[in-house]
Every structure is written in structure tokens, then in C-alpha cells.
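For reference, the structure discussed in these notes is given below.
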Amino acid sequence: MSGVWVFNKNGVMRLIENPYNQSGGDWSESSSSGGSQQQRMRRKILVHLPTNEAVSSYGSLERILKRLGWERYYNGDNADHLLQFHKKTSIDLISLPRDFSKFNSIHMYDIVVKNPNVFHVRDM
């Protein structure tokens, strides 16, 4: 992930991902405007490279992960808030918010790191 750390007026730092991809060209002007950070950033999508399929739901993601040897993990303290997947051959655990609308680039990059050369995160 790339970006720029910016101090807000109240002294809190936040990360603006890929500030030069924002419309208008100058990230400092757009970061001080009234719009939310999500409106200023381009939306990300998770792409399954072998099929060039954009992951648009947890159903499609689960089918792909199962083919790669991942299994649903139903135990845990946050089972009602998270979808979790694990591989018997590794110690890796993928934890995703149960609500797909909260699936963001952090979760996407986690999947990419744990499945090298299978997934890619792209700007929409």
C-alpha cells in the first residue's frame, strides 16, 4: 500500500492512499476539502488472476479459496462478526468482516499476501 500521511487540523494523522490518483492532481487541496476520504480515493477491487474475475461477493471468494485449499473456520470469539478461513498446511488465517460492504483494501491485501500470484488488487 502506498500513500501519504497527513495531519488533520486537530493533530491526528491519517493515511491517504495513492494521493496522486485522485482527481484534481493536488492531494493537499483535496484532502482539506469537505468530502470523505473514500470519495477522494479510487475504489479497489480484488481480482482472481487465473480467471481475471473480479470478486464481487463472499460466495465467489469462498469458491475460489476452497479450490486453493482454504476452509471456513467456524470457531473463535468473533464468529458472529467475522468470516474466517484457514489452511491445514499453514498457520495463516484470513479474517473478513461478515458484511461484504465493509470488505476493503486492507482485507484484499491480506488475501493477496497469503495467496501469492493468485490475486491482485486493482483500482476501479
Side-chain angles (χ1 to χ4, degrees):
M1 293 188 330
S2 63
V4 175
W5 287 98
V6 177
F7 282 98
N8 290 343
K9 291 177 181 158
N10 61 359
V12 177
M13 275 182 41
R14 64 186 171 97
L15 176 65
I16 298 178
E17 291 186 39
N18 298 321
Y20 297 106
N21 286 340
Q22 297 172 11
S23 62
D26 185 1
W27 64 269
S28 60
E29 288 179 23
S30 63
S31 65
S32 62
S33 67
S36 73
Q37 182 177 356
Q38 287 183 340
Q39 290 173 336
R40 291 187 308 270
M41 291 183 353
R42 289 190 178 172
R43 212 168 133 228
K44 308 273 187 199
I45 56 171
L46 181 66
V47 177
H48 181 237
L49 292 175
T51 62
N52 206 26
E53 171 191 356
V55 174
S56 58
S57 69
Y58 280 146
S60 65
L61 178 60
E62 186 169 3
R63 281 190 299 278
I64 295 167
L65 290 175
K66 281 185 177 182
R67 286 187 295 221
L68 295 170
W70 291 89
E71 299 176 351
R72 280 285 300 272
Y73 180 71
Y74 293 99
N75 297 335
D77 297 336
N78 295 321
D80 53 336
H81 302 297
L82 297 173
L83 294 177
Q84 295 183 313
F85 298 89
H86 73 99
K87 263 187 174 180
K88 288 184 178 182
T89 58
S90 77
I91 61 169
D92 290 333
L93 182 69
I94 297 173
S95 296
L96 307 171
R98 191 167 286 281
D99 182 359
F100 188 75
S101 67
K102 295 179 181 174
F103 181 64
N104 62 35
S105 63
I106 293 171
H107 304 108
M108 294 177 195
Y109 284 113
D110 185 40
I111 293 169
V112 169
V113 167
K114 293 173 181 168
N115 297 280
N117 304 316
V118 178
F119 290 98
H120 183 71
V121 178
R122 295 185 184 151
D123 288 330
M124 275 189 73

Could you tell me whether Asn117 atom CG has more than 12 heavy atoms of other residues or ligands within 6.0 Å of it? no
Return the [atom1] to [atom2] distance between [X] and [Y], rounded to the nearest 0.5 Å.
X	Y	atom1	atom2	value
Thr89	Trp70	OG1	CH2	8.0 Å
Ile45	Met108	CD1	CE	8.0 Å
Leu46	Ser56	CG	OG	10.5 Å
Leu93	Gln84	CG	CD	4.5 Å
Leu96	Asn104	CG	CG	10.0 Å

Which is it for Glu71 and Phe85 under the side chain to side chain contact (heavy atoms under 4.5 Å, CB included) test, yes or no, and what are the steps along the way? CA-CA 5 Å; Glu71 299 176 351; Phe85 298 89; over 6 Å; no
Over 60° means perpendicular and under 30° means parallel, so classify the ring planes of Phe119 and His48, tilted if in between.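 Tilted.
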Asp123 bridged to Lys44 by N-O distance under 4.0 Å: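 A salt bridge is present here (some side-chain N lies under 4.0 Å from a carboxylate O).
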Who pairs with Lys114 by salt bridge (Lys or Arg N to Asp or Glu O under 4.0 Å), at least two apart in sequence or on another chain?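 Applying salt bridge (Lys or Arg N to Asp or Glu O under 4.0 Å) to Lys114 gives Asp110.
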Using the rule that Ile, Leu, Val, Met, Phe, Trp and Tyr join whenever any side-chain heavy atoms are under 4.5 Å apart, tell me whether Val113 and Val55 fall into a single cluster.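 No; tracing contacts between hydrophobic side chains, which count when under 4.5 Å, never links both residues.
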Same cluster for Leu68 and Val121 if Ile/Leu/Val/Met/Phe/Trp/Tyr side chains link at under 4.5 Å?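 Same cluster: Leu68 reaches Val121 through Ile, Leu, Val, Met, Phe, Trp or Tyr contacts under 4.5 Å.
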Validation row: Phe103, Ile111 side chains within 4.5 angstrom (heavy atoms): yes
What's the verdict on side chain to side chain contact (heavy atoms under 4.5 Å, CB included) for Val47 and Asn52, showing C-alpha distance, side-chain angles and the deciding distance? CA-CA 6 Å; Val47 177; Asn52 206 26; 3.7 Å; yes
In residues 58-66, what donor-acceptor pairs under 3.5 Å come from side-chain atoms, sequence neighbours left out?
unit_1: Tyr58; atom_1: OH; unit_2: Pro97; atom_2: O; d: 2.5
unit_1: Ser60; atom_1: OG; unit_2: Ser57; atom_2: O; d: 3.0
unit_1: Arg63; atom_1: NH1; unit_2: Gly59; atom_2: O; d: 3.4

